[in-house]
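Ligands are counted one by one from 1 in listed order, and the atoms in each one are counted from 1 as well. Any value given below was found using the heavy atoms of this structure, including those in side chains, with hydrogens, waters and symmetry copies removed.
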Amino acid sequence: MNAWFEVNTQSDFSIYNIPFGIFSHDGSSPRIGSAIGDQVIDLRAVAGLGVFDALEINKKVWDSDFLNPFIALGKSKTQKVREILQQELTKENSVLKNNDQVFIAMSEIEMHLPVQIGDYTDFYSSIHHATNVGKLFRDPENALLPNWRHLPVGYHGRASSIVVSGVPLHRPMGQQKPADSNPVYGASKLVDFELEMGFIIGRESKLGQRISTESADEYIFGKVLFNDWSARDIQKWEYVPLGPFLGKSFGSSVSPWVVTMEALAPYQVPGLKQEPKVLPYLEYSGHRNIDIKLEVAIQPENKEETIISRSNFKYMYWTMQQQLAHHTVNGCNVKIGDLMASGTISGEDQESLGSLLEITQAGRQSLTLTDGTERKFVQDGDTVILRGHCEKDGKRVGFGEVRTQILPAL
Ligand code: MN
């Protein structure tokens, strides 16, 4: 595809991407946009030119402050919107060409939370991450718990505190238990990031209905970057026996652009070998991992950033289709806008670890940043940045970034 629109080859938002998000401009109310290069495409303005008329989409959809009503149109229409945008951006006589109502510089707009998230579930599906954590806290010889290779372990998280890139979070207060004293109340000393990706549910299922691995793709609208913040000291004391709670729910951060499964399809790769063989409801066919290059940077306040990890979504052991099949095998229903996160994505090497917990061996070692300062965990004023993109045959499809500053405790 040759776009008449000039796009830098290093841009995540090429003609092959066409993601969806929610933006506002000059104090306007939020509405739906797409992205090309360094420009936002105002889809209300595009719709006003009649470009989507054949799809008979209610005008109100373009003015929504979340993507949910757009996603609810169904893939038959949302895929068409993306294809029409690609056609308009490549055809010479397009009505979009040189139309300054349609394009707005990204530097001039504000991005908002892309979807109204009803429920948020976090999985634990990277085998290297689960093995590293098991070695640190349990048994180096038997790092994985007995269930791990049989089902995608997960827990129900908190949706209300999920924020979009750019929204700072305060270091949480809470209970911690020093090894040699009674529990204390105070600011967490061990704030950590988790390099994750999330997928957005694009179709509702009914209570009692199971979604199979084969039909799962119909229920997945697209993906985002996800930083699943953790206060390791609060978490360590509280999580027995029911699992993560306040050490997680103080905040999680998502990237603003939802990249569709159609845009990611060319980058699918075979999944990891699963041994032992999974139960039949978790079997799947085809290439269901995705080659998405991921990186994490820490930027101390008013300093330059240091890239501290390079990982890849293809290191996932359990696929999204298996996660969804497992999530609904008991009849639990899913809704449009629900967010399912991967769990921390770590690779095999020291350079590809998805949390400071693993990078610093739970604070036993420290990490030196380019400004010479050392980190064991995230400090006040630090900004953590996650980025991700796919690249093949000179075609790049990316997510931009999710960037979050940690402020002092309130
Ligand atoms: Mn997590």
- prompt: Can we call the ring centroids of Phe245 and Tyr239 under 6.0 Å apart?
  reply: no
- request: Could you tell me which residues satisfy side-chain contact (heavy atoms from CB on, under 4.5 Å) with Pro276, sequence neighbours excluded, listed by chain and number?
  value: Arg149, His150
- prompt: Excluding sequence neighbours, so at least two apart, what forms ring pair (Phe, Tyr, Trp, His ring centres under 6.0 Å) with Tyr317?
  reply: Trp148
task: Determine the interplanar angle of the Trp4 and Phe103 rings, folded into 0 to 90°, and report it as parallel if under 30°, tilted if 30 to 60°, perpendicular if over 60°.
output: perpendicular
message: One thing to verify: whether Lys177 and Asp233 come together as a salt bridge, which I'm taking to mean a side-chain N less than 4.0 angstrom from a carboxylate O.
response: no
message: Restricting to side-chain contact (heavy atoms from CB on, under 4.5 Å), what partner residues turn up for Thr383, sequence neighbours left out?
response: Gln299, Ile385, Arg403, Gln405
- prompt: Sorted by chain and residue number, which protein N/O/S atoms are under 2.8 Å from the Mn ion (ligand 1)?
  reply: Asp122 OD2, Glu194 OE1, Glu196 OE2, Asp228 OD2
